[in-house]
Amino acid sequence: ANLQPTDAFVRGVADLQEILDTRHAVFLLSSSGCGKTQTWQALAKAWTRGGERGETTCVDMNPKAVTPAELYGYVKMATREWQDGILSSTMREMASQPDTNPKWIVLDGDLDAN
């Protein structure tokens, strides 16, 4: 696939890099088909191939593919015990990894208040 990046795409990847240098969490908001997924994937590959930051671990999920309780977690009313959702269990798993490599959780899809 001999795809060539446009100047706008390269600028988008560079912009994301600049934001991630100062922020812990970011949102890429735009219309469907504008290249948001390709932008973060390109930056993750660049970080991994560059070697300075180490291998970038990315876990991407579509937040609309599960219920809010499955995504965020919930309290079981009968026992008052917390049941982890996909986000909290993924964060816990990534935090337990002994390396300092970048770890990204990406909600790739529509995100609303449900």
Side-chain angles (χ1 to χ4, degrees):
N2 295 315
L3 300 175
Q4 298 297 314
T6 64
D7 289 342
F9 178 77
V10 172
R11 182 73 236 157
V13 174
D15 287 346
L16 180 57
Q17 169 67 55
E18 289 175 14
I19 293 168
L20 286 171
D21 282 342
T22 58
R23 304 280 185 227
H24 293 286
V26 299
F27 287 86
L28 299 180
L29 303 173
S30 187
S31 302
S32 295
C34 288
K36 297 178 295 293
T37 299
Q38 294 302 314
T39 297
W40 69 259
Q41 287 176 345
L43 183 59
K45 287 178 186 174
W47 280 14
T48 297
R49 289 182 184 159
E52 284 184 33
R53 298 176 191 248
E55 182 176 351
T56 304
T57 300
C58 300
V59 175
D60 68 328
M61 59 188 80
N62 182 344
K64 290 294 194 176
V66 295
T67 66
E70 291 170 324
L71 183 63
Y72 300 115
Y74 62 95
V75 174
K76 292 181 182 178
M77 296 310 289
T79 62
R80 299 203 187 273
E81 292 177 332
W82 174 254
Q83 178 66 45
D84 275 342
I86 295 169
L87 285 177
S88 53
S89 63
T90 301
M91 288 180 75
R92 189 171 287 112
E93 180 182 317
M94 287 180 153
S96 70
Q97 295 175 4
D99 60 61
T100 59
N101 296 344
K103 296 163 187 67
W104 298 354
I105 297 175
V106 179
L107 301 179
D108 197 357
D110 293 339
L111 183 63
D112 59 28
N114 289 1

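These values consider heavy atoms only, across backbone and side chains, with no hydrogens, waters or symmetry-generated copies. All values derive from a computational prediction rather than experimental measurement.
The closest side-chain heavy-atom distance from V106 to Q41 is not below 4.5 Å. Side-chain atoms of M61 and I86, non-hydrogen and from C-beta on, do get closer than 4.5 Å to each other. With contacts defined as side-chain heavy-atom distances shorter than 4.5 Å, the pair T37/D60 does not qualify. Counting only heavy atoms from C-beta outward, the side chains of V26 and L16 approach each other to under 4.5 Å.
Counting only distance, with no hydrogens or angles, the side chain of T48 and the backbone of K45 share no donor-acceptor pair below 3.5 Å. No donor-acceptor pair closer than 3.5 Å links the side chain of T57 to the backbone N or O of K103.
When hydrophobic side chains of Ile, Leu, Val, Met, Phe, Trp and Tyr are connected at separations under 4.5 Å, Y74 ends up as a singleton with no cluster partners.
Scored by the side-chain contact (heavy atoms from CB on, under 4.5 Å) test, K36 finds L28, S30 as partners (sequence neighbours excluded). Listed by chain and number, the residues in a salt bridge (charged side-chain N to carboxylate O under 4.0 Å, His left out) with D15 are R11 (sequence neighbours excluded).
Every pair passing ring pair (Phe, Tyr, Trp, His ring centres under 6.0 Å) that includes a residue from residues 77-109 is listed here, sequence neighbours excluded: W47-W104. Legend: salt bridge (charged side-chain N to carboxylate O under 4.0 Å, His left out) pairs involving residues 19-30, not counting sequence neighbours, sorted by first then second residue: D21-R53. Sequence neighbours left out, the pairs with a member in residues 72-84 that pass salt bridge (charged side-chain N to carboxylate O under 4.0 Å, His left out) are D84-R92.
Side chain to side chain, E70 and T67 meet the donor-acceptor criterion of an N or O pair below 3.5 Å.
Separating the CE atom in M91 from the OG atom in S96 is a distance of 12.0 Å, to the nearest 0.5 Å. Rounding to the nearest 0.5 Å places CE of M94 at 10.0 Å from CG of D99. Here the SG-CG distance, from C34 to L29, works out to 11.0 Å after rounding to the nearest 0.5 Å.
No continuous path of hydrophobic side-chain contacts links L107 to L43 [ILVMFWY only; heavy atoms under 4.5 Å].
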